[in-house]
2 protein chains.
Amino acid sequence: MRISDIITEQILKLLDESEESKAEIQRNEFANILGCVPSQINYVLTSRFTPEQGYIVESRRGGGGYIRITRVQMNRSSALMHIINSIGDLLDQATARVVIDNCLHNSLISSEAAKLMSSAISIVVMRQVPINLRDTIRAAVIKQMLLAQI
Amino acid sequence: MRISDIITEQILKLLDESEESKAEIQRNEFANILGCVPSQINYVLTSRFTPEQGYIVESRRGGGGYIRITRVQMNRSSALMHIINSIGDLLDQATARVVIDNCLHNSLISSEAAKLMSSAISIVVMRQVPINLRDTIRAAVIKQMLLAQI
DNA sequence: TATCTATTGGTCAGTTAAAGTCAAAGTCAG
DNA sequence: CTGACTTTGACTTTAACTGACCAATAGATA
């Protein structure tokens, strides 16, 4: 197994064990424990704990220095949560389409998910629902499906 | 016997031995064992383990690199179609769960899709539907969502 | 306060260890 | 003999790893 994988694993373990999703290490000590050269830690951090991958890395040099890795709550979830909350108890067909399109466009959901959501509230399905209940069901379905993707 | 046939045979053997229908090799090592040049492995993979033939090949370069060959269920669409047709106009909650689980277990749908399907017919949603209509709606939703994945 | 020093972490260029590509040469059935 | 399939190896690309050197910080000392 690669050293970089072991380092990654250990950092993830620390993050999982932390209530705050924060892992704080000392570079030299950590490298020593894992049996690698200190700069290897930097390599792993820059290749696998980037902001794009949802992590923030802070550090401090000098005596008592440290490296702190934080797993950030991608604001994807909060964005999704916001949308879910903005949907009331009713949702008409046109608005539902807009909601799905917006989520897709902002990369909050995958295109696969968008397709599935569309089919779940498709006309074929909705024909089975009494007209006066359709907006209610649509709202419930969309909200629940968005919730599943948080 | 051709080297390419031997290579093919060995990969198939690994696939058969694997529970997951996955074979993971290291190109240089594998080539060395079979007594051929490394690029010969690539030739075999591109000529006999193509997606059309029901295989997915993934790889990684660099230290600790690998090549992973996965045998995929080829008749996914027909299997899905079969399941859709087997669902009548009514589908109770328990059976729906079984349908989703079976599809997931047989890799006919992704776990993401399974989650979305479950949430689309979740209790929270179904509460909004008159009891006498629930099995109808469930059947329509599940069928339509499976159809979206063909 | 200003400066020195020990103790950290950061950077980067270079090395090693893989896999990918492609064109040329070889083989073989028809 | 010809065209399709095989085989080969030189060259390319990518990822992992290393070590020498640089930069920042805290604490001690003048």
Side-chain angles (χ1 to χ4, degrees), chain A residues 1-15 17-18 20-72, chain B residues 1-15 17-18 20-72:
Chain A
M1 196 182 198
R2 302 195 207 82
I3 295 181
S4 50
D5 288 337
I6 295 172
I7 296 171
T8 304
E9 204 173 66
Q10 289 303 310
I11 294 175
L12 288 175
K13 194 171 151 220
L14 289 174
L15 284 170
E17 284 167 358
S18 152
E20 278 285 317
S21 279
K22 283 182 197 297
E24 198 166 305
I25 60 172
Q26 295 220 293
R27 193 179 74 150
N28 290 346
E29 180 200 20
F30 198 61
N32 206 261
I33 292 171
L34 301 184
C36 70
V37 102
S39 59
Q40 181 74 0
I41 309 290
N42 296 78
Y43 170 68
V44 170
L45 289 175
T46 56
S47 65
R48 306 184 192 177
F49 291 87
T50 66
E52 290 73 37
Q53 287 163 297
Y55 299 91
I56 290 173
V57 176
E58 303 159 286
S59 66
R60 185 157 200 177
R61 306 181 188 192
Y66 59 83
I67 299 178
R68 180 162 52 218
I69 302 105
T70 310
R71 181 157 43 200
V72 294
Chain B
M1 195 181 200
R2 297 199 216 86
I3 296 182
S4 51
D5 289 336
I6 295 173
I7 297 171
T8 304
E9 204 172 66
Q10 287 304 308
I11 293 176
L12 289 175
K13 194 172 151 219
L14 288 175
L15 285 170
E17 284 168 357
S18 152
E20 278 283 316
S21 279
K22 282 182 197 298
E24 196 166 307
I25 60 172
Q26 295 220 294
R27 194 181 72 151
N28 290 348
E29 181 200 20
F30 199 61
N32 206 263
I33 292 171
L34 302 184
C36 69
V37 102
S39 58
Q40 180 74 1
I41 309 289
N42 296 78
Y43 170 69
V44 170
L45 289 175
T46 55
S47 65
R48 307 184 192 178
F49 291 86
T50 66
E52 291 72 36
Q53 288 162 297
Y55 298 92
I56 291 172
V57 176
E58 303 159 286
S59 67
R60 185 164 194 177
R61 305 187 187 188
Y66 59 82
I67 299 177
R68 181 163 50 219
I69 303 106
T70 309
R71 181 158 44 201
V72 295

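Letters go in sequence order (proteins before strands), and every chain restarts at 1. Note that the structure is a prediction, hence the values are computed from the model and not measured.
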In whole Å, I'd like the distance from the [atom1] atom of [X] to the [atom2] atom of [N].
X        : N       : atom1 : atom2 : result
Asn32(A) : dT18(D) : CG    : C1'   : 16 Å
Ile69(B) : dA19(C) : CD1   : C1'   : 13 Å
Leu34(A) : dT18(D) : CG    : C1'   : 16 Å
Ile6(A)  : dA16(D) : CD1   : P     : 13 Å
Arg68(A) : dG9(C)  : CZ    : P     : 13 Å
Leu45(B) : dT7(D)  : CG    : C1'   : 15 Å
Met1(B)  : dC5(D)  : CE    : C1'   : 16 Å
Arg60(B) : dT13(D) : CZ    : P     : 20 Å

Classify [X] by what it touches in the nucleic acid, base, sugar-phosphate, or nothing, heavy-atom distance under 4.0 Å.
X        : result
Ser39(B) : base
Gly63(B) : base
Ile41(A) : nothing

So [Y] and [X], do their side chains get closer than 4.5 Å, heavy atoms only?
X        : Y        : answer
Leu15(B) : Tyr55(B) : yes
Ile69(A) : Leu14(A) : no
Phe30(B) : Ile11(B) : yes
Ser4(B)  : Arg48(B) : yes

Nearest to side-chain heavy atoms of [X], which nucleotide of [options]:
X        : options                   : value
Val37(A) : dG19(D), dG20(C), dT7(D)  : dG19(D)
Gln26(B) : dA18(C), dT8(D), dA16(D)  : dA18(C)
Asn42(A) : dT8(D), dC17(D), dG10(C)  : dG10(C)
Ile3(A)  : dT25(D), dT18(D), dG10(C) : dT18(D)
Gln40(B) : dA15(D), dT8(D), dG9(C)   : dT8(D)

Any side-chain N or O of [X] below 4.0 angstrom from OP1/OP2 of [N]?
X        : N       : answer
Tyr43(B) : dT7(D)  : no
Ser47(A) : dA15(D) : no
Asn28(A) : dT8(C)  : no

> Which comes earlier along DNA chain C counting from the 5' end, the contact point of Ile67(B) or that of Gly64(A), where each point is its nearest nucleotide?
Replying inline: Gly64(A)
>> Is it the case that the base of dT13(D) and the side chain of Arg61(B) share a donor-acceptor contact (distance under 3.5 Å, atom types as modelled)?
In response: yes
> Between Gly35(B) and Asp5(A), which has a closest nucleotide on DNA chain D that is more 5'?
Replying inline: Gly35(B)
> Taking for each residue the nucleotide of DNA chain D with the nearest heavy atom, is it Arg27(B) or Arg48(A) whose nucleotide lies nearer the 5' end?
Replying inline: Arg27(B)
> Quick one: does Arg2(A)'s side chain have a donor or acceptor within less than 3.5 Å of a partner on Gly63(B)'s backbone?
Replying inline: yes
> Does Glu20(B) CD have over 12 foreign heavy atoms under 6.0 Å away?
Replying inline: no
